**Q** 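Okay, handing you the structure first.
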Amino acid sequence: MSAYEAVIGLEVHAQLRTRTKIFCSCSTQFGREPNSNVCPVCTGMPGVLPVLNRTAVEYAAKMGMAVECAVNPRSVFARKNYFYPDLPKAYQISQYELPLAEHGRLRITVNGTEKTIGITRIHMEEDAGKSIHSSTENKSFVDLNRTGVPLIEIVSEPDLRSADEAVAYLKALRSILVYLEICDGNMEEGSFRCDANVSIRPKGATELGTRAELKNLNSFRHVHKAIEYEISRQAALLEDGERVVQETRLYDVDKGVTVSMRGKEEAHDYRYFPDPDLVPLLITAELLADLKRSIPELPQAREARFITEYGLPEAAAQTLTAEKDLADYFEAAARLYPEPQRISNWILSDLLRELNQAKTAAADSPLTPAHLAELLGMIDSGQISTRIAKQIFPDVFTTRESPREIVERKGLAQISDTGALEAVVDSILSSNPKEVEAFKNGKTKLMGFFVGQVMRQTKGQANPDLVNKLILEKLQ
Ligand code: ADP
Ligand code: MG
Ligand code: ZN
């Protein structure tokens, strides 16, 4: 493989989070009864006319600006003609020669190395419906709820050189879309999906090799595996003196391989032409300026700010800012309790673990930023030990009580009462005379043993500083 270099270009489809479809007023809500979000327009009845959704245009233009594209003041919708049961009009309205936005770029970092990936174009289009093939009956069904849902397609230059770079690029794109609140980024539901074009060429060559287009990549893991598999498949062909053929290949999730779906000969001729039902889309400089002002701080800028403003290590800043709601969570907690590094540690270890387990987003976390601040406050005022704090953290997720309520209900408050602790210390010392003797003869390492025994007996609730002080006093 080392004799070859991989070349990858990605076509990403992102579903825009509008309330209604791109050319009609049907709802875009996911998961409804099949064929309930439909009307004569999106089912392609004769005589109807599409009306462009203004919000979809605004969202698409925002994404264009966020990745430094030039947004064209005039773009044109075109018909992409093909026949398929999930496409009732037998054409998809898309953009072809004059897309909404072009010539953008996106910076990615892989293994500490920065790289800029060119974005060829971003165009708007409508989604198709969904074919459902029954496994029990010998039948197929069509659900047109998704027909006409607004999409943007983001096409990259063939600038990516590895599966790692491809995944880093996809994650960066997805993160921006979610920050802009124009796409929910849900890969499982298909709101963010991609096709990967993969070719290889001898290292140092400038011409592109013949590519395969990989489909059915619905998670970052699948994208990574499919690209790696495809690179080695193509390399093996070339090593054997064979040629790569241009074709569309499907990723088989179970087998971890790509399989041929259709070759170049079977490729569609889409007979694109401008849609006569839609006038050219004109975007004024004024609207663009308004939209630009509404773009929030984006993930890469936020990451840089987290490093300078809160003094966080780069890795922490990157994880915290990758998802907007997690970054918001962090900043809310840091405002309530200005100890950013500790807050970051608690989020990255305990919060993320619990959110993953509960399959919950940071925005819906039962343990709120206020709870985290409360927890740190209780530790710092000596009401509970760090150990107890770690212990009750998951309880907030199951019982939905505040940390303080749990501490009170379970009687977990730290024992800082000298009298109560003295009794425990006395009993530990008197039941371990040999250790006491050894300590007095200079084996001071045994301090840890005594403290440990006291903590055990008090179920971790003893104030460790006080325990240390009491033991030392007794052993003087
Ligand atoms: P199509 O519309 O037929 O899919 P395009 O020429 O628009 O083809 O390219 C689609 C994607 O394929 C782009 O992301 C582009 O960067 C990528 N691409 C084109 N040629 C190659 C190649 N030889 N190897 C890898 N990627 C490629
Ligand atoms: Mg393509
Ligand atoms: Zn409709």
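Numbers for residues simply follow the sequence, beginning at 1. Here the structure is a predicted model, which means the values were calculated and not measured. First listed ligand is number 1; within each ligand, the first listed atom is number 1.
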**Q** Evaluating non-hydrogen atoms only, which member of Gln246, Glu213, Arg211 is closest to atom 5 (P) of ligand 1?
**A**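 Residue with the shortest heavy-atom distance to the ligand atom: Arg211.
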**Q** Should you measure from each heavy atom of Leu10, which atoms of ligand 1 turn up under 4.0 Å away?
**A**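 Checking each atom against Leu10, I get 14 (O).
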**Q** Around atom NZ of Lys225, are there more than 12 heavy atoms of other residues, nucleotides or ligands at under 6.0 Å?
**A**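 No, not enclosed.
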**Q** For Arg243, does the CZ atom have more than 12 heavy-atom neighbours from other residues, nucleotides or ligands under 6.0 Å away?
**A**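 Incorrect, the count does not exceed 12.
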**Q** Nearest 10°: the angle subtended at the Zn ion (ligand 3) by Cys26 SG and Cys24 SG?
**A**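 Output for this angle: 110°, rounded to tens.
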**Q** Is Glu314 atom CD crowded by more than 12 heavy atoms from other residues, nucleotides or ligands, each under 6.0 Å away?
**A**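 Open: at most 12 neighbouring heavy atoms sit under 6.0 Å from CD of Glu314.
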**Q** Numbering the atoms of ligand 1 from 1, which are under 4.0 Å from a heavy atom of Val155?
**A**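 Counting from 1, the qualifying ligand atoms are 13 (C), 14 (O).
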**Q** Step through the shown structure and confirm whether more than 12 heavy atoms of other residues, nucleotides or ligands are within 6.0 Å of CG on Asn138.
**A**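 Count not over threshold, so no.
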**Q** Has ligand 1 got any nitrogen or oxygen that is less than 3.5 angstrom from a nitrogen or oxygen of Ile8?
**A**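 It does not: no N or O of Ile8 is found under 3.5 Å from an N or O of ligand 1.
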**Q** Are more than 12 heavy atoms, taken from residues, nucleotides or ligands other than Arg32, located less than 6.0 Å from that residue's CZ atom?
**A**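 Check passes, neighbour count above 12.
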**Q** For Thr210 and ligand 1, does the shortest N/O to N/O distance drop below 3.5 Å?
**A**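 No, there is no polar N/O contact under 3.5 Å.
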**Q** For the residue pair Tyr270 and Tyr82, categorise the inter-ring angle as parallel (less than 30°), tilted (30 to 60°) or perpendicular (more than 60°).
**A**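 The rings of Tyr270 and Tyr82 stand perpendicular, inter-plane angle above 60°.
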**Q** At a 4.0 Å threshold, what atoms of ligand 1 neighbour a non-hydrogen atom of Gly209?
**A**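 What qualifies from ligand 1 is 23 (N).
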**Q** Does any N or O of ligand 1 fall below 3.5 Å from an N or O anywhere on Leu208, backbone included?
**A**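 Min N/O separation from ligand 1 is not below 3.5 Å for Leu208.
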**Q** At a 4.0 Å threshold, what atoms of ligand 1 neighbour a non-hydrogen atom of Val7?
**A**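 So the atoms of ligand 1 that pass are 24 (N), 25 (C).
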**Q** Which residue from Gly118, Ser156, Ala6 reaches closest to atom 16 (O) of ligand 1 through any of its heavy atoms?
**A**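 Nearest heavy atom to atom 16 (O) of ligand 1 lies in Ser156.
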**Q** Out of Ile119, Asn197, Ile117, who gets a non-hydrogen atom closest to atom 26 (N) of ligand 1?
**A**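 Closest candidate by heavy-atom distance is Asn197.
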**Q** Applying a 4.0 Å heavy-atom criterion (strictly less than), which segment of Glu157 is in contact with ligand 1: side chain, backbone, both, or neither?
**A**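 Backbone only.
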**Q** What part of Asp195, side chain from CB on, backbone N/CA/C/O, both or neither, has a heavy atom under 4.0 Å from ligand 1?
**A**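 Neither; nothing of Asp195 gets under 4.0 Å from ligand 1.
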**Q** Could you check whether Phe330 and Phe306 have their ring centres less than 6.0 Å apart?
**A**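 Distance test on ring centres: under 6.0 Å, yes.
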**Q** Under 4.0 Å from a heavy atom of Gly9: give me the atoms of ligand 1 that qualify, with their elements.
**A**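 It comes down to these atoms of ligand 1: 14 (O), 16 (O), 17 (C), 26 (N).
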**Q** State which residue, out of Gln95, Glu102, Glu97, fulfils the side chain to side chain donor-acceptor pair (under 3.5 Å) condition with Ser75.
**A**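 So, applying the side chain to side chain donor-acceptor pair (under 3.5 Å) to Ser75 and each of Gln95, Glu102, Glu97, only Gln95 qualifies.
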**Q** Are any of the side-chain heavy atoms of Ser140 and Ser131 separated by less than 4.5 Å?
**A**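 Not touching, per the 4.5 Å side-chain cut-off.
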